[in-house]
Amino acid sequence: MIFETLDTYGHEQVVFCHNKDAGLKAIIAIHNTVLGPALGGTRMWPYKSEQEALNDVLRLSRGMTYKNAVAGLNIGGGKAVIIGNPATDKSEALFRAFGQFVESLGGRYITAEDVGIDVNDMEYVYRETEYVTGVHQVHGGSGDPSPFTAYGTLQGLMATLNRKFGNEDVGKYVYAVQGLGHVGMEYVKLLKERGAKIFVTDINQALVDKAVSEYGAEAVGLDEIYDVPADVYSPCALGGTVNEQTLPRLKCKVICGAANNQLASNEIGDEVVKRGILYAPDYAVNAGGVMNVALELDGYNRERAMRMMRTIYHNLARIYEIADRDGIPTYKAADRLAEERIEKIGRLKLPLGRGRTRFQGRVRS
Ligand code: NAD
């Protein structure tokens, strides 16, 4: 049954990690290493069953292959899950035991933070292995990726405006921004700097107040965000907000934001096209975070990171070309771009260590 599933999704390797004394139950899934070592975060979650944990890690690791490939990185796709409650089950021993398993893979899998894991947990993982990104800046880490993700989202937006309206004058358009967290607030700031009119909403009133007073945004209710007269809807909070209920209400011509998994289903993605809305594929738009941590692998540098964010513009432009070329929705065109890149680069059969990402290690302090 498990091998059948791996066959369907195309995974290379799945590692079950167990350490009774440390209370560790984890699964590392390496989906594809054609482009380079598999990079993807570790999620800690109180999964109801082992099957649920396995399904999640298989789905997420495959997603990382596509995301890393479209981002143009020399990086493959992987992910790990730790079964446990992040509020009660964390310990030094748990994360060090996990780090030993990561180390045992010799660099085929490189981990990072994800839901339920923070930089302090990564410090413990880092004691056992070099194959970890998202460590503290004092160890050569890259720090909070959110400003980069916001800037990358702006690049994706400009490519999408250009495609839809024939210009990328951000300030000419009206925006509906849902979620004013780490990424959303920074994104609002970037829009404001370019003179845009912005509607905002968030469940956190203090953040809404800040967007209004500092960036001149107009506050609307949580549900009202779908009805405002905006040219661009920018989901920067939850996934699945473009769905059967919300889509008929949206007046926008463009959907472009940082949230993961914005489309509730592929059918909704097809419906978006029918309604004449241009959807900027989420994982191509929000790749700033993974680009930022990937740069840690060969020596982090903020200037290089900012330059790399600008490639998101070109990645989106390429996706729109493929959508036109093949007559397919943009969400499918993003997948196709990833698959074509993996296939073409895979055929080059690069000698290991040239043109690939190698982990240089950091100066330990
Ligand atoms: P965050 O937790 O800092 O912000 C999310 C914000 O959304 C919070 O302020 C929260 O109050 C608000 N929110 C939650 N439910 C809401 C609702 N129903 N309506 C309106 N607002 C709501 O998270 P973040 O780091 O800013 O990330 C935002 C999104 O972008 C997430 O989907 C995340 O997965 C994705 N993303 C983030 C990064 C990154 O670098 N941080 C990278 C890639 C993708």
Side-chain angles (χ1 to χ4, degrees), residues 146-243 246-263 272 275-288 309-310 312-313 316-317 319-320 330:
S146 309
F148 295 93
T149 303
Y151 187 69
T153 303
L154 180 76
Q155 303 307 309
L157 170 71
M158 283 159 59
T160 309
L161 292 178
N162 204 344
R163 187 70 184 177
K164 188 70 192 169
F165 302 119
N167 71 76
E168 48 191 60
D169 187 353
V170 172
K172 248 174 82 173
Y173 300 99
V174 180
Y175 298 82
V177 180
Q178 180 182 43
L180 297 165
H182 292 94
V183 180
M185 190 67 86
E186 184 68 21
Y187 177 67
V188 164
K189 177 173 160 239
L190 296 171
L191 295 178
K192 178 64 187 172
E193 283 168 0
R194 285 154 184 80
K197 161 139 186 69
I198 316 156
F199 292 101
V200 294
T201 194
D202 195 292
I203 47 178
N204 182 332
Q205 190 56 40
L207 294 175
V208 174
D209 292 345
K210 181 177 170 189
V212 171
S213 63
E214 287 188 25
Y215 306 125
E218 183 173 334
V220 297
L222 287 176
D223 193 50
E224 235 181 303
I225 198 75
Y226 303 110
D227 302 317
V228 294
D231 302 301
V232 180
Y233 167 53
S234 293
C236 293
L238 315 165
T241 59
V242 182
N243 55 45
T246 60
L247 185 56
R249 292 165 59 185
L250 291 176
K251 294 171 184 63
C252 63
K253 290 276 170 258
V254 161
I255 298 174
C256 178
N260 279 313
N261 306 316
Q262 294 167 21
L263 301 176
V272 165
R275 287 175 183 263
I277 299 174
L278 182 57
Y279 167 65
D282 46 16
Y283 71 79
V285 170
N286 70 20
M309 297 311 132
R310 290 202 277 279
I312 292 177
Y313 181 101
L316 266 295
I319 288 168
Y320 299 141
T330 54

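Here, residue 1 is the first one in the sequence, and each next residue gets the next number.
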Side-chain touch Leu247/Ile277, heavy atoms, less than 4.5 angstrom: yes
Closest approach of Asn243 to Pro248 (non-hydrogen atoms, all atoms of both residues): O-CD, 4.2 Å
Name of the residue among Leu278, Leu316, Leu157, Leu161 meeting side chain to side chain contact (heavy atoms under 4.5 Å, CB included) with Cys256: Leu157
Reported CD-to-OG1 distance for the pair Glu186 and Thr153, which is rounded to 0.5 angstrom: 10.5 Å
Heavy-atom side-chain contact between Ile198 and Lys192 under 4.5 Å: yes
Ring pair (Phe, Tyr, Trp, His ring centres under 6.0 Å) partners of residues 176-220, not counting sequence neighbours, each pair once: none
Donor-acceptor side-chain pairing of Tyr233 and Thr246 below 3.5 angstrom: no
Under 3.5 Å donor-acceptor, Thr201 side chain and Val220 backbone: yes
Value rounded to 0.5 Å, distance of CG in Asn261 from CG in Leu238: 11.5 Å
Flag, side chain of Asp231 to backbone of Tyr173, donor-acceptor distance under 3.5 Å: no
With Ala317 via side-chain contact (heavy atoms from CB on, under 4.5 Å) - residues at least two apart: none
Separation between CE of Met158 and CD1 of Ile312, rounded to the nearest 0.5 Å: 12.0 Å
With sequence neighbours excluded, residues passing salt bridge (Lys or Arg N to Asp or Glu O under 4.0 Å) with Glu218: Lys197
Counterpart residues, salt bridge (Lys or Arg N to Asp or Glu O under 4.0 Å), relative to Arg249 (two or more places apart): Asp223, Asp227
Pair listing, salt bridge (Lys or Arg N to Asp or Glu O under 4.0 Å) test, anchored in residues 275-286, at least two apart: Glu271-Arg275
Selection residues 156-178 - residue pairs positive for salt bridge (Lys or Arg N to Asp or Glu O under 4.0 Å), sequence neighbours left out: Arg163-Asp324
